[in-house]
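Take a look at the structure set out below.
The chains referred to below are lettered A, B, ... by the order of the sequence lines, with proteins before strands, and numbering in each begins at 1. Hydrogens, waters and symmetry mates are skipped; everything else that's a heavy atom, side chains included, is used.
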Number of protein chains: 2
Amino acid sequence: MTAAIAIADADGLAAVSMRAVAARLETGAASLYRYLSSRDDLLDLMADRVAAELRPYPEPDGDWLDTLVRLARAQRAVHERHPWLFELSQRASAIGPEALAFFDACLRVMAPVEAPSAAKFEAIGMMNGVAILFARKRAAGESLTFVGFDLTPYPHLLAALSRPAATPAAAMDLFERALRSLLRGLLTA
Amino acid sequence: MTAAIAIADADGLAAVSMRAVAARLETGAASLYRYLSSRDDLLDLMADRVAAELRPYPEPDGDWLDTLVRLARAQRAVHERHPWLFELSQRASAIGPEALAFFDACLRVMAPVEAPSAAKFEAIGMMNGVAILFARKRAAGESLTFVGFDLTPYPHLLAALSRPAATPAAAMDLFERALRSLLRGLLTA
DNA sequence: TCGTAACTGCGAACGACGTTTGCAGTTTAC
DNA sequence: GTAAACTGCAAACGTCGTTCGCAGTTACGA
């Protein structure tokens, strides 16, 4: 449902109630059950709808690692556009056709790599995890800096925080560097 | 609250309602608000309570990478013991004293490493992510195998799934290998 | 010893949630 | 033209987090 995604983008996943979605559609909450079997159904549809934004998948030309990094960048962009996607990505039922298609595209890129299937699965999961982590980095960093704690019991943390923050450019480098070293480590002997 | 953690371990986070916790304590739901300001408060306390299970932290002797891997293993064990912790770990407010202490311990281990603070923060976040990913691996793999989808539109996925699954021993190797290559890539020039 | 002030536990109630039910109104099929 | 099927939806149910107000208990100075 496009209406549900708009609500989630604006006010977060918690604001996506059947009544809110119905109100935006100018109808009653009960009417939604003609098209959806439950709220979980709606969330699954939302997850798969935004997963479609990962298209078009890059052609697997050139280095497979470069292509995988491009896929990860797309993932990161989607998670930044729809922060609520993170909460959905952990439900097993959220694996819809679009998610499977993305999965398949990743495996296609990895086809020339000589590695067991299990390693490739892990690599995709890890790629996912890294993309999400960086998509949420800014919010997490700020929340950590501004907690109202007395940090004196944590000397190393205090010392690290008192140093100047890294530049955004360095953060971008970090994303690619982390991803490359991780995937290379997982997929090569 | 120990009672709340017991409920979550048994029936999941969703079962941790104020009424359920109160019932286990043989009291009324309203009574809990004498000690907690809200349900979110309770969840934060639960998260910090299980974070205490990460102690004692290993001494940073020997190779820093070995010590970090030991910390990650502890994290993975905690997440396997309390699967609901994953749902909590994404709330910013869940960063309590114990989580900060763990953070500090990681930084202490990384003290001899020459790297910017931001890289170390990312490394810890990534370590966390990898630990969680592997803790949830079994469930995720099964849910992916048993979805009732027609997989013919996903040829590479189908090919990968039709191969024999990896042995559990190889999975354990994968955890350590992924972590090592990731941390080394992030923290060394 | 009493009186009062403060604190404690908690039944009852409030509003919001997901979901079900039952019934009008409308379309479809023969 | 009538019966069957489908549609939209107000109302209600049970559960949730949370608040309110009141008994019962304790603490303490007079």
Side-chain angles (χ1 to χ4, degrees), chain A residues 1-51 82-96 99 143 147-148, chain B residues 1-51 82-96 99 143 147-148:
Chain A
M1 279 313 197
T2 311
I5 291 176
I7 294 175
D9 284 342
D11 300 322
L13 244 204
V16 181
S17 70
M18 303 304 269
R19 286 169 169 85
V21 174
R24 181 175 269 256
L25 261 31
E26 295 183 346
T27 178
S31 304
L32 300 180
Y33 286 85
R34 292 284 174 197
Y35 311 98
L36 307 164
S37 68
S38 71
R39 180 174 185 261
D40 280 9
D41 238 46
L42 173 61
L43 298 183
D44 290 348
L45 289 177
M46 289 169 65
D48 218 54
R49 170 74 70 93
V50 296
H82 309 292
W84 45 268
L85 184 56
F86 176 55
E87 289 178 56
L88 289 187
S89 64
Q90 72 195 59
R91 16 168 62 252
S93 60
I95 303 176
S143 75
V147 279
Chain B
M1 280 313 197
T2 311
I5 292 177
I7 294 176
D9 283 342
D11 299 323
L13 243 204
V16 180
S17 70
M18 303 303 270
R19 286 168 169 84
V21 174
R24 181 174 272 255
L25 260 31
E26 294 183 346
T27 179
S31 304
L32 300 180
Y33 287 85
R34 292 282 174 198
Y35 313 98
L36 307 165
S37 68
S38 69
R39 180 173 186 263
D40 280 10
D41 239 44
L42 172 62
L43 298 183
D44 291 348
L45 289 177
M46 290 169 65
D48 219 54
R49 169 73 72 95
V50 296
H82 310 292
W84 45 268
L85 184 56
F86 176 53
E87 289 177 56
L88 289 187
S89 64
Q90 71 195 60
R91 14 171 59 252
S93 60
I95 303 176
S143 75
V147 279

Any side-chain N or O of [X] less than 4.0 Å from the OP1 or OP2 oxygen of [N]?
| X | N | answer |
| --- | --- | --- |
| A/Ser31 | D/dG8 | no |
| B/Tyr33 | C/dC10 | no |
| B/Thr27 | C/dG9 | no |

Output the single nucleotide from D/dA11, D/dG8, D/dT18 whose closest atom is nearest the side chain of A/Ala30.
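Out of D/dA11, D/dG8, D/dT18, the nucleotide with an atom closest to A/Ala30's side chain is D/dA11.
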Nearest whole Å is fine: how far is [N] [atom2] from [X] [atom1]?
| X | N | atom1 | atom2 | result |
| --- | --- | --- | --- | --- |
| B/Leu43 | D/dC16 | CG | C1' | 13 Å |
| B/Asp41 | D/dT18 | CG | C1' | 13 Å |
| B/Leu42 | D/dG17 | CG | P | 10 Å |
| A/Glu26 | D/dG8 | CD | C1' | 15 Å |

Can you give me the N/O atom pairs linking the protein to nucleotides 22-26 of chain D at distances under 3.5 Å, or say none if there are none?
none

Can you list, by residue number, the residues of residues 5-24 of chain B that have a non-hydrogen atom closer than 4.0 angstrom to DNA chain C?
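Those residues whose heavy atoms fall under 4.0 Å from DNA chain C, taken from residues 5-24 of chain B in numerical order, are B/Arg19.
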With B/Ala23, which residues qualify under side chain to side chain contact (heavy atoms under 4.5 Å, CB included), at least two apart?
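By the side chain to side chain contact (heavy atoms under 4.5 Å, CB included) rule, B/Ala23 matches no residue at all.
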Using side chain to side chain contact (heavy atoms under 4.5 Å, CB included) as the criterion, list what pairs up with A/Ala51, not counting sequence neighbours.
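In terms of side chain to side chain contact (heavy atoms under 4.5 Å, CB included), with neighbours along the sequence ignored, A/Ala51 is linked to A/Glu98.
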Do any pairs count as a salt bridge (Lys or Arg N to Asp or Glu O under 4.0 Å) and have a residue in residues 31-42 of chain B, sequence neighbours left out, and if so which ones?
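As it turns out, the salt bridge (Lys or Arg N to Asp or Glu O under 4.0 Å) pairs with a partner in residues 31-42 of chain B, which skip direct neighbours, are B/Asp40-B/Arg91.
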Just wondering, do A/Trp84 and A/Ile5 contact through their side chains at under 4.5 Å, heavy atoms?
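A side-chain contact exists here, since the closest heavy-atom pair is under 4.5 Å.
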Can you pull the side chain to side chain donor-acceptor pair (under 3.5 Å) pairs that have at least one residue in residues 15-28 of chain B, sequence neighbours excluded?
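Residue pairs with at least one partner in residues 15-28 of chain B: B/Thr27-B/Ser31.
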